[in-house]
Enquirer: 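Quick one: structure below, then a few questions.
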Amino acid sequence: MKGKKHNKNLQQAEDKKRPDSLYPINHERTQASRDPQPLSNSHNPCVRRGKDMGSLVDAAFVQAPEHRPKPTATEAVVGIPRIDLSPVLHSPIPTAGGAAPPAVSSLLAEVEAACRDWGFFQVINHGVPSELQDNIMAASKGFFALPAEEKWKMKRDEVNPLGYYDTEHTKNVRDWKEVFDFIVDEVPVPGTDEFLSLRNRWPEYPPGFREACEKYAKAVNELAFRLLELIALTLGLPAKRLNGFFKDQSSFIRLNHYPPCPSPHLALGVGRHKDPGALTILAQDDVSGLDVKRRSDGEWIRVKPIPNSYIINVGDIVQVWSNDKYESAEHRVSVNSERERFSIPFFFNPAHYVEVQPLEELIDEKKSPAKYNAYNWGEFFKSRKNSNFKKLEVENTQIYHFKKVV
Ligand SMILES: O=C(O)CCC(=O)C(=O)O
Ligand SMILES: [Fe+2]
């Protein structure tokens, strides 16, 4: 993989061959891809080093040719909208959009256009103290730098999907990353099974890890509710119309670490996907990598990091609630061979028992009938988590499975 000539040969072979035949793959490796094993390199858990292999990308990570990133990222002249939240930072959000002061009305218009045209936007002046973001980033870096044995003490299993994990698959291709997940509200929810009554795992090292995570979660949770209320207003609903769904919320935070990748043109940090929850609030460091699929032409657009901002995207649940007024946009994470990248998404999810369906106020049986059948969020979440845990032969649950046939 090191020599230029070898790279060139790989490049030429790319579009002609299936991914599995790109490398000198022996049967043992292919088998290992089907049944992921813990990897032993603590600094770069995705790279396998072997006598005969140098440091190659395991076949499990290789994307099909049509899903591989282009050698250079596209940075749009007009990228995802940047929205200044200061009009609602220090004053309460009005209960109805119509009664809003002019600065809030124009903010609502910006949020509405961003959700409609991109499904993504960046926010500045969001109210989360930068110190909390710095602390959790430092905690995340400290944790992922631990020896593999230490991280495995926190390893996720089939009963409790929280904690450390380095073999997640997106659409059945392994992601070039390691993660640590924790839930925001650790309250037992009556009537839920073991899988859904989640308990956080907290590592002993680095010191202060838990405190940094919990303080950060509290602050971003406030931002999440503020965004939810703005979105409700843009749908012509009372500001707090959606808040009830988040009593007993199942939101969780993920610490993502994308190590440098020797073949960034073949693998992805996270394969293309749409977030299944309501909203995602993402902090990223200064290494770019998030690509959003532009709705107008299907082009992958790289999101430029803005220090101390958040990237917001609407998830599948907002798509269903809004009956397709807003669509959850496809995105992915590209990796690079030089620098590791850290990101921290907050997945704002309702209670497990919520039945997700188009909001009745937005439905008119004649003019705009409901486009989705109701589905249970807990069941959906569970089937998604199970499919990310193992490589399956079939596609996992998607909201279009609940789309009504008209
Ligand atoms: O790391 C990122 O920029 C995005 C990660 C992401 O899309 C996800 O974890 O769902
Ligand atoms: Fe995502």
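Note that ligands are numbered from 1 as they come in the structure, with each ligand's atoms numbered from 1 the same way. No hydrogens, no waters, no symmetry mates; every other heavy atom, side chains included, goes into these values. Small disclaimer: the values here were computed from a predicted structure and weren't measured. Nothing fancy with the numbering, it's 1 onward along the sequence.
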Enquirer: Go through the steps for Asp286 and Arg339 under the test salt bridge (charged side-chain N to carboxylate O under 4.0 Å, His left out), then give the verdict.
Expert: CA-CA 10 Å; Asp286 62 335; Arg339 292 186 67 190; 3.3 Å; yes
Enquirer: Would you say Lys177 contacts ligand 1, with heavy atoms under 4.0 Å as the rule?
Expert: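 It does not, in that no heavy atom of Lys177 comes within the 4.0 Å cut-off of ligand 1.
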Enquirer: Any donor and acceptor pair, going by atom type alone, linking the side chain of Lys151 with main-chain N or O of Phe144 inside 3.5 Å?
Expert: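 Indeed, once roles are kept as given, a pair shorter than 3.5 Å links the two residues.
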Enquirer: Can you report which non-hydrogen protein atom sits closest to atom 4 (C) of ligand 1, along with the distance?
Expert: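 For this ligand atom, the closest protein heavy atom is Val333 CG2, 3.5 Å.
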Enquirer: Considering only protein heavy atoms, which is closest to atom 3 (O) of ligand 1, and at what distance to one decimal place?
Expert: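 The closest one turns out to be Arg341 NH2, 2.9 Å.
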Enquirer: Picking from Asn313, Ile317, Val318, what satisfies side chain to side chain contact (heavy atoms under 4.5 Å, CB included) with Asp275?
Expert: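 When side chain to side chain contact (heavy atoms under 4.5 Å, CB included) is applied between Asp275 and each of Asn313, Ile317, Val318, only Asn313 qualifies.
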Enquirer: Which atoms from ligand 1 have a heavy atom of Asn256 less than 4.0 Å away?
Expert: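 Every atom of ligand 1 under 4.0 Å from some heavy atom of Asn256: 1 (O), 5 (C), 9 (O).
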Enquirer: Which one holds for Thr280 and ligand 1: side chain close, backbone close, both close, or neither close, with close meaning a heavy atom under 4.0 Å?
Expert: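 It is neither; nothing of Thr280 touches ligand 1.
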Enquirer: Quick check on contacts: which atoms of ligand 1 are under 4.0 angstrom from a heavy atom of Phe347?
Expert: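 By the 4.0 Å cutoff, the relevant atoms are 8 (C), 9 (O), 10 (O).
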Enquirer: Relative to the Fe ion (ligand 2), which of the N, O or S atoms in His331 is the closest?
Expert: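 Sorting the N, O and S atoms of His331 by distance to the Fe ion (ligand 2) puts NE2 first.
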Enquirer: Would Arg294 pass as a cation-pi partner of Trp300, given that its NZ or CZ must be under 6.0 Å from the six-membered ring centre and within 45 degrees of the axis?
Expert: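 No, cation not above the ring by the 6.0 Å, 45° rule.
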Enquirer: Just need the protein heavy atom nearest to atom 10 (O) of ligand 1, so name the residue and atom and give the distance.
Expert: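 Checked against all protein heavy atoms, atom 10 (O) of ligand 1 sits closest to His273 NE2, 3.0 Å.
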Enquirer: In this structure, does ligand 1 have an atom that sits under 4.0 Å from one of the heavy atoms of Arg332?
Expert: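 It does not; every heavy atom stays at 4.0 Å or beyond.
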Enquirer: Checking a contact table here: which protein heavy atom is nearest atom 5 (C) of ligand 1, and how many Å away?
Expert: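 Of the protein heavy atoms, Tyr258 OH, 3.5 Å lies nearest.
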Enquirer: Would you mind reporting whether Val88 and Leu230 have side-chain heavy atoms less than 4.5 Å apart?
Expert: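 Yes, close enough: below the 4.5 Å cut-off.
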Enquirer: Can the ring centres of Phe348 and Phe246 be said to be less than 6.0 Å apart?
Expert: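 Yes, the ring of Phe348 comes within the 6.0 Å limit of the ring of Phe246, centre to centre.
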Enquirer: Is the backbone of Lys177 close enough, under 3.5 Å, to the side chain of Asp175 for a donor and an acceptor to pair up by distance?
Expert: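 Looks like no, no N/O pair under 3.5 Å.
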Enquirer: To make sure I understand the geometry: which N, O or S atom in His273 is closest to the Fe ion (ligand 2)?
Expert: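 It is NE2 of His273.
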Enquirer: Go through it in stages, so that I can follow the logic: the residues are Arg156 and Glu168, the test is salt bridge (charged side-chain N to carboxylate O under 4.0 Å, His left out), and I'd like the CA-CA distance, side-chain angles, deciding distance and then a yes or no.
Expert: CA-CA 11 Å; Arg156 159 184 173 175; Glu168 188 159 81; 3.7 Å; yes
Enquirer: Take Lys70 and Asp291 through the salt bridge (charged side-chain N to carboxylate O under 4.0 Å, His left out) test and state the conclusion after the steps.
Expert: CA-CA 11 Å; Lys70 283 198 268 178; Asp291 297 327; over 6 Å; no
Enquirer: For ligand 1, which atoms sit closer than 4.0 Å to a heavy atom of His331?
Expert: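 What qualifies from ligand 1 is 7 (O).
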Enquirer: With a heavy-atom distance limit of 4.0 Å, tell me whether Asp275 approaches ligand 1 through its side chain, its backbone, both, or neither.
Expert: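 The answer is the side chain.
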Enquirer: What N/O/S atom of Asp275 gets nearest to the Fe ion (ligand 2)?
Expert: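 Atom name returned: OD1.
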Enquirer: Which label fits His257 and Phe342: parallel for a plane angle under 30°, tilted from 30 to 60°, or perpendicular past 60°?
Expert: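 The arrangement is parallel - the two ring planes meet at less than 30°.
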Enquirer: For ligand 1, is there an atom lying under 4.0 Å from some heavy atom of Gln284?
Expert: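 Not so, Gln284 does not reach ligand 1.
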